[in-house]
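Worksheet: one structure, shown below.
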Amino acid sequence: MKGFFTTSKTLATLFPLRPLRPLRFKPLLFPPLWHNLIYKTCTLSPMTANLPPQYDPQATEAKWQKYWEDNQTFKADPEKGGEPYCVVIPPPNVTGSLHMGHAFEETLIDVLVRYHRMTGRNTLWLPGTDHASIAVQTILEKQLKAEGKTRHDLGREKFLERAWEWKAESGNIITNQLRSLGVSVDWSRERFTMDEGLSAAVLEAFVRLYDEGLIYRGNYLVNWCPASQSAVSDLEVDQQEVDGHLWHFRYPLTDGSGYLEVATTRPETMLGDTAVAVNPQDDRYKHLIGKTVTLPIVNREIPIIADEFVDPTFGTGCVKVTPAHDPNDFEMGKRHNLPFINIMNKDGTLNENAGVFQGQDRFVARKNVVQRLENDGVLVKIEDYKHTVPYSERGKVAVEPLISTQWFVKIDPLSQRALDALDQSNSPVFVPDRWTKVYRDWLVKLKDWCISRQLWWGHQIPAWYAVSETQGEITDTTPFVVAKTEAEAREKATAKFGNDVQLARDPDVLDTWFSSGLWPFSTLGWPDKTKDLEFYYPTTTLVTGFDIIFFWVARMTMMAGHFTEKMPFDTVYIHGLVLDENGQKMSKSKNNGIDPLLLIGKYGTDALRYTLVKEVVGAGQNIRMEYDRKTDESKSVEASRNFTNKLWNAARFVMMNLEGQTPQQLGIPSVESGLELCDRWILSRYNQVVQQSRNYLENYGLGEAAKGLYEFIWGDFCDWYIELVKSRLQKDAEPNSKKAAQQTFAFVLEGILKLLHPFMPHITEEIWHTLTQTVDGECLALQAYPEAELSLIDAELEQQFELLFGTIRTIRNLRADADIKPSVKVRAILQSESEKERQIISDGGVYIQDLAKVEHLTVTASLDADLGQTIAGVVGTVQVLIPLAGVVDLAALRAKLEKKLSKVEAEIKHTAARLTNQKFVDKATPDVVQGARDALAEAEKQAEILRDRLKVF
């Protein structure tokens, strides 16, 4: 019903009218037909006998998950040809367990994959996991520490044996949990970034890049994690805002003519300072450029240099320069040929270059350095200062910029190829488009990529060093060769260094993002020319969060562009985050995560999936989960669970009335079937929804598609069509009318199951098998997705039914307001000056009478002056009136309303008194006080409604 109810001035003088409230059903006033089983003549068909009265999501979902996997329902076959649709799963860490972010992302992917499979595309969704070097090694080293050991006590070989044992026992937890989501992946193609094939791909990629001069070994500043004692990439660093301090202290000029005041957030690094820098345009310090200062504590003479990098407005305009411990200082050090003095050990303690502070932890040394500066009289002041500090994502400690010899990838040639693809072919396409600029900007700003990690678990770098008996250790200058195997390395080393060379392999492993960067094509068999690679590559869609564009998406496009000369996917669908009930990002540190497995156990997988997708409003938007942590309940997921129950009960009712026939046996409804008005209406609505669903899913409007289906299934099909056809399903109904209703019923229900399947695969598969009585081997998952029959869409008919439904709602509201019992049929008068509206109402009069319990229906252009006591409302321009004479005892009704009002007013008085009592407000918990306020507001609203009704009666 569209618009607001209005009141005619003429009628207002005759009948007491008021705006109607939205439809309010009293309990069991109009119960769903499948609940009260009105038709005692119905007998359970074989279909409904196999569909239990209550839907059990756990049993149903486990059944179909096992069936799909056992029967390899989703096994891809490139030999079948057709149009490919390929997605590689964003590989979760092998250490992980299912969290809400996983559930959200995998559900979005599964909706797309199931949809495109049903449209006839040759579909592959390839699963797998990432070996997660730092995470796995951290777990194992904690285990060893509890045993009083270190990895060095075991040695590399035994340590790796233990790692593989851990992987076999505990490393597949998340893939088993993913199965509980019902994801339609091809498990026969499951990959692991350290399996034999992918390891071969990593070796191939490394050796090729090295031979092409795109991988090099060098001594550069890297992000160092003291906890894991490994380099980490910029992408593995989490910038955290902290409340810190800004320390000011004086560096005296060597000639004794004064001093320079500098400010820093890391005073301990001053021990490694090799210059003080000022801006060359800063008039305050121009005369000092070229002079020197004496570094406090260390007493090292260091120069005053001029550099455009210095911001004259920050602090005093003078900055200390520590090239070995700051990225910006590192660049200044190179520009001005400054010494690089490292004061830090790899475990975060200070080394011999720190003098008396050697051996102290960096944060202990910070306090001691400040105290020494204060004792020496050069500390000026300490300011509170909020700033960002880089933290190791895995080690959970502040990283240290540290000079270290590492392996690097030259980024420029790789990023330029990805940029060229974006400029020349707009590939890949980002959805939403705003992320294209973010991706482009990131490619432009990328620096050379540090790919070596000081770990044992991972892909060991394929470099062998020529060491001697006297110098067995690998140094920065030790010569090396790069090869895929030790045999190949020995052959190269012999040719280069002679026959007596001894080889030692580089102990470091590669950054996990190196292997993940190859994922879209290495999982399909690259570097071999496999059928999978030929047919399914490039992949079609990548679904991922915006926070991983830098970590992973850019890595894949650069690697793919270089090795395959193609972008690895056509489209990148960027989704948002799942936020908690307070709109906050879920995180372990906040302890505000919501366990999807808990919700699955309580409400079922399909309910959780549907909630996650239905909450998406536009691509890339965050979604918010309603969740009560005290009870582990979610209103939003509960609403989706109720939707599954609604569908289940509706399906049972439909099948009760098909007399054991399947949709195929009944045939497709058509004009020749003798379709009636409501049949044509539901078929029009159905085809509209088919067209809308296809359009939304083709354009990544997953949330919009889910909402549209919800409204159609719950509202149009369950709440309206089922009621509209009930009288045509009885045993004594006219045969042709009954047959048309059965055909339409069955056809639309089967179509609904197909439309809904990508979102709710388990319940739809269960109902479809029962409805169609399908033999083993066939699945709804492999059926064709519905296509809209445009000739059956009748917008005018749908608009006419809106008027009919509005009229029915209005009559139901009026009955409820007048406390007319469900068993009592009434007389209704519908007045409209519009001939068209009167015709619509007359044509649909039988529906109004059936659904609104109207015995006598009068449709008229004008009203008689004397209709007696009447309750009235308006829908559109149609006046709706119900004469009350002989139907309602007005005196008794008024007395009843007055009694209710008196009770509510007493409640208002009592609650208001509590809230004005300051002792109650001060002593009660906030929840109790708010509950009282809510109760008062509700009672006041009820009183308002009751007073309105008393004005009428």
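Keep in mind that what you see is a predicted model, and the values were worked out from it rather than measured.
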Check the orientation of [X] and [Y]. Use parallel for under 30°, tilted for 30 to 60°, and perpendicular for over 60°.
{"X": "W720", "Y": "F805", "answer": "parallel"}
{"X": "F563", "Y": "F521", "answer": "tilted"}
{"X": "F653", "Y": "F745", "answer": "perpendicular"}
{"X": "H102", "Y": "H99", "answer": "parallel"}
{"X": "F747", "Y": "Y686", "answer": "perpendicular"}
{"X": "Y115", "Y": "Y785", "answer": "perpendicular"}
{"X": "Y67", "Y": "H769", "answer": "perpendicular"}

Whether over 12 other heavy atoms sit under 6.0 Å from [X] [atom1]:
{"X": "Q664", "atom1": "CD", "answer": "yes"}
{"X": "K75", "atom1": "NZ", "answer": "yes"}
{"X": "I668", "atom1": "CD1", "answer": "no"}

Okay, side chain of [X], backbone of [Y]: is any donor-acceptor separation there less than 3.5 Å?
{"X": "N122", "Y": "G81", "answer": "yes"}
{"X": "Q773", "Y": "G660", "answer": "yes"}
{"X": "K707", "Y": "K614", "answer": "yes"}
{"X": "E83", "Y": "R121", "answer": "no"}
{"X": "E190", "Y": "P127", "answer": "no"}
{"X": "D195", "Y": "G197", "answer": "yes"}
{"X": "T605", "Y": "S180", "answer": "yes"}
{"X": "T129", "Y": "V94", "answer": "no"}
{"X": "T60", "Y": "P57", "answer": "no"}
{"X": "N622", "Y": "L577", "answer": "yes"}

Shortest non-hydrogen contact from [X] to [Y]?
{"X": "A705", "Y": "F759", "result": "CB-CZ, 3.9 Å"}
{"X": "L181", "Y": "H762", "result": "O-CE1, 4.0 Å"}
{"X": "F104", "Y": "L612", "result": "CE1-O, 3.6 Å"}
{"X": "T611", "Y": "M625", "result": "CG2-SD, 4.2 Å"}
{"X": "K566", "Y": "P538", "result": "CD-CG, 3.9 Å"}
{"X": "L98", "Y": "D595", "result": "O-OD1, 4.4 Å"}

Gap separating the [atom1] atom of [X] from the [atom2] atom of [Y], nearest 0.5 angstrom:
{"X": "D420", "Y": "S427", "atom1": "CG", "atom2": "OG", "answer": "12.0 Å"}
{"X": "L797", "Y": "L677", "atom1": "CG", "atom2": "CG", "answer": "5.5 Å"}
{"X": "R641", "Y": "K602", "atom1": "CZ", "atom2": "NZ", "answer": "9.5 Å"}
{"X": "Q783", "Y": "T772", "atom1": "CD", "atom2": "OG1", "answer": "7.5 Å"}
{"X": "T540", "Y": "Y85", "atom1": "OG1", "atom2": "OH", "answer": "6.0 Å"}
{"X": "T523", "Y": "L533", "atom1": "OG1", "atom2": "CG", "answer": "9.0 Å"}

Margin query: The test is side chain to side chain contact (heavy atoms under 4.5 Å, CB included); show your working for V654 and F717 and say whether it passes.
Written below: CA-CA 11 Å; V654 169; F717 186 71; 4.0 Å; yes
Margin query: One pair to check against side chain to side chain contact (heavy atoms under 4.5 Å, CB included): L443 and R440. What are the steps and the verdict?
Written below: CA-CA 5 Å; L443 287 173; R440 181 192 299 278; 5.8 Å; no
Next item on the list: Could you walk me through whether I89 and L178 pass the side chain to side chain contact (heavy atoms under 4.5 Å, CB included) test, one step at a time?
Entry: CA-CA 11 Å; I89 194 172; L178 285 174; 4.0 Å; yes
Check: Is there a side chain to side chain contact (heavy atoms under 4.5 Å, CB included) between W125 and L112 once you walk through the steps?
Finding: CA-CA 10 Å; W125 182 8; L112 291 170; over 6 Å; no
Next item on the list: Using only heavy-atom distances, determine whether the side chains of H562 and R417 contain a donor-acceptor pair under 3.5 Å.
Entry: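 No, because no side-chain N or O of H562 sits under 3.5 Å from a partner of the opposite role on R417.
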Notebook entry, point to check: Under 3.5 Å, is there a donor-acceptor pair linking the side chains of D130 and S516?
Noted result: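 Judged by distance alone, the side chains do pair up.
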Is any side-chain N of the basic residue among [X] and [Y] closer than 4.0 Å to the acidic one's carboxylate O?
{"X": "R609", "Y": "E61", "value": "no"}
{"X": "D186", "Y": "R189", "value": "yes"}
{"X": "E615", "Y": "R624", "value": "no"}

Less than 4.5 Å apart, side chain to side chain, heavy atoms only: is that true for [X] and [Y]?
{"X": "Y603", "Y": "S640", "result": "no"}
{"X": "M100", "Y": "L608", "result": "yes"}
{"X": "F643", "Y": "M760", "result": "yes"}
{"X": "P52", "Y": "W648", "result": "yes"}
{"X": "L756", "Y": "L647", "result": "yes"}
{"X": "V87", "Y": "T123", "result": "no"}
{"X": "L771", "Y": "L658", "result": "yes"}
{"X": "L683", "Y": "T744", "result": "yes"}

Note to self: side-chain hydrogen bond (donor to acceptor under 3.5 Å, both in side chains) for T557 and Y439? Distances and angles first, verdict last.
What the structure shows: CA-CA 11 Å; T557 57; Y439 167 71; 2.9 Å; yes
Checklist line | Geometric cation-pi criterion R117 and W68, 6.0 Å radius, 45° cone | finding: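 Not flagged: R117 not positioned over aromatic ring of W68.
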Note to self: For a salt bridge (charged side-chain N to carboxylate O under 4.0 Å, His left out) check, start with the C-alpha distance between K63 and D56, then their side-chain angles and the critical distance, and finish with the verdict.
What the structure shows: CA-CA 11 Å; K63 164 187 170 183; D56 181 352; over 6 Å; no
Note to self: Working note: D532 + Y537, criterion side-chain hydrogen bond (donor to acceptor under 3.5 Å, both in side chains); need CA distance, chi angles, decisive distance, verdict.
What the structure shows: CA-CA 7 Å; D532 277 2; Y537 185 80; over 6 Å; no
Next item on the list: Step through it carefully: locate the ring centre of W435, locate the ring centre of F430, and say whether they are under 6.0 Å apart.
Entry: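 Not close enough - the centres of the two rings lie 6.0 Å or further apart.
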Note to self: By the definition salt bridge (Lys or Arg N to Asp or Glu O under 4.0 Å), identify the one residue from E798, E802, E711 that meets it with R685.
What the structure shows: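 One option only clears the test, and that one is E798.
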